[in-house]
Amino acid sequence: MKLGISLVGISHLVHDKRWPVNRSYETCYQNFFDEIHTPLKRKFDIDIYTTTYYSGKEQDILNTYRPKSSLFLTMENSHQIKTFLKAIELVEKENIDYHIFTRFDIFFNEGKIKNLNIDLNKFNFLCKEKDHWKSHEFVNDCFYVFNARFLPQLKRACINLLNNPPRPGLMDMHGLYSFLFKDESVRYNLHFMTDEHHLSSGNSIYTLKRL
């Protein structure tokens, strides 16, 4: 079985501005291999894909992850959902059975992933977003696992989210669930890996590493 792991978003950013906050793949890449890649390669044939921004670390990123395919974008005027769509386009013609989409700066606590309830026949969100599920049906936007047959629906949902953001002016993907739910071809195949509600910014499952 073929598994595609897509790392998406900011991989390395060091500056003196307030936002976006500083972060680097350098603090998380070993954790990625220890907690995700190495355990899963016992069961899957894995290809890695990277979609990120120019930072001066391009060659080291390629050497570190050895992606089958990669894309580097300019950070200026970047948009989280548009970058995610680029990541989808990078893999949509690949022969893949299952997908994981996640971030460069996520550090999973030891053993947490193997305890998650993942249904490979469905589209798996990590969890409902704490404090924002009841009011907006927001979900975690840092880690997705899904059957490849749902990739077209994901792309459509991202486009709809981009054009109709639940919070005007913001570009996060917390509102993705609602747009997938509206699609009857995937509605009954939406699944949460844990029943607990967590904040995407940090929780008992992982930490978003900051410099």
Side-chain angles (χ1 to χ4, degrees), residues 1-9 32 35-49 51 68 80-81 83-103 106 108-109 111-162 164 166 172-200 203-206:
M1 292 182 291
K2 178 73 75 172
L3 171 65
I5 303 179
S6 295
L7 293 157
V8 188
F32 165 78
E35 297 297 320
I36 299 179
H37 190 274
T38 298
L40 289 176
K41 74 178 182 180
R42 300 174 188 140
K43 183 176 181 181
F44 299 98
D45 179 13
I46 298 176
D47 283 326
I48 296 173
Y49 302 84
T51 302
K68 181 179 180 182
Q80 181 178 345
I81 302 173
T83 299
F84 200 90
L85 282 166
K86 291 289 186 183
I88 292 174
E89 292 169 359
L90 194 65
V91 300
E92 63 184 349
K93 294 183 180 180
E94 296 287 304
N95 182 23
I96 297 173
D97 299 301
Y98 307 102
H99 290 281
I100 291 176
F101 275 65
T102 188
R103 304 165 56 124
I106 192 168
F108 284 95
N109 295 328
K112 288 293 186 178
I113 291 181
K114 68 181 181 181
N115 293 324
L116 294 174
N117 177 21
I118 300 173
D119 187 336
L120 291 176
N121 292 313
K122 297 187 177 183
F123 188 100
N124 298 264
F125 291 99
L126 178 58
C127 62
K128 297 172 181 177
E129 187 76 0
K130 186 178 181 180
D131 301 330
H132 294 91
W133 171 255
K134 289 185 177 181
S135 60
H136 294 85
E137 290 191 332
F138 281 178
V139 293
N140 181 280
D141 66 348
C142 297
F143 187 64
Y144 311 93
V145 182
F146 58 96
N147 192 290
R149 73 178 187 272
F150 297 122
L151 191 66
Q153 291 94 324
L154 174 61
K155 185 176 183 179
R156 288 198 299 268
C158 287
I159 293 171
N160 289 330
L161 177 60
L162 175 66
N164 302 279
D172 61 70
M173 295 182 58
H174 295 297
L176 181 62
Y177 174 89
S178 296
F179 289 96
L180 279 173
F181 187 83
K182 291 175 183 177
D183 189 331
E184 291 186 0
S185 65
V186 68
R187 176 181 301 170
Y188 300 107
N189 289 288
L190 300 179
H191 179 73
F192 289 96
M193 298 179 236
T194 175
D195 292 330
E196 298 176 355
H197 294 204
H198 294 289
L199 290 174
S200 292
N203 49 64
S204 62
I205 299 172
Y206 66 76

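Residue numbers count from 1 along this sequence. Note that the structure is a prediction, hence the values are computed from the model and not measured.
- Checked options Phe150, Tyr49, Phe84, Tyr144; the residue passing with Phe101 is Phe84 (criterion: ring pair (Phe, Tyr, Trp, His ring centres under 6.0 Å)).
- For the ring pair (Phe, Tyr, Trp, His ring centres under 6.0 Å) with Phe143, the lone residue among Phe125, Tyr206, Phe108 that qualifies is Phe108.
- A distance-only check finds a donor-acceptor pair linking the side chain of Asn147 to the backbone of Leu120 [under 3.5 Å].
- Nearest approach of Phe138 to Pro166, heavy atoms of both residues: CE2-CG, 3.8 Å.
- Put simply, CG on Asn189 and CZ on Arg149 are 5.5 Å apart, with the number rounded to the nearest 0.5 Å.
- When all heavy atoms of Glu35 and Ile113 are compared, the closest pair comes out as O-CD1, 3.8 Å.
- A donor-acceptor distance shorter than 3.5 angstrom exists from the side chain of His174 to the backbone of Val139, with no hydrogens or angles considered.
- Atom NZ of Lys2 is surrounded by more than 12 heavy atoms from other residues, nucleotides or ligands within 6.0 Å.
- Below 30°, between 30° and 60°, or above 60°: for His136 and His132 the angle between ring planes is between 30° and 60°, a tilted geometry.
- Closest approach of Leu85 and Lys155 over heavy atoms only: CD2-O, 3.8 Å.
- The environment of Asp195 atom CG is sparse: at most 12 non-hydrogen atoms of other residues, nucleotides or ligands sit within 6.0 angstrom.
- Proximity of a side-chain donor or acceptor of Asp119 to a complementary backbone N or O of Asn117 within less than 3.5 Å is not detected.
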Let me see the working for Leu3 and His99 under side chain to side chain contact (heavy atoms under 4.5 Å, CB included), right down to the final yes or no.
CA-CA 6 Å; Leu3 171 65; His99 290 281; 5.7 Å; no
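- Rounding to the nearest 0.5 Å places CZ of Phe32 at 5.5 Å from CD1 of Ile36.
- At most 12 non-hydrogen atoms from other residues, nucleotides or ligands lie less than 6.0 angstrom from NZ of Lys130.
- Ile81 and Cys158 get closest at one heavy-atom pair: CG2-O, 3.5 Å.
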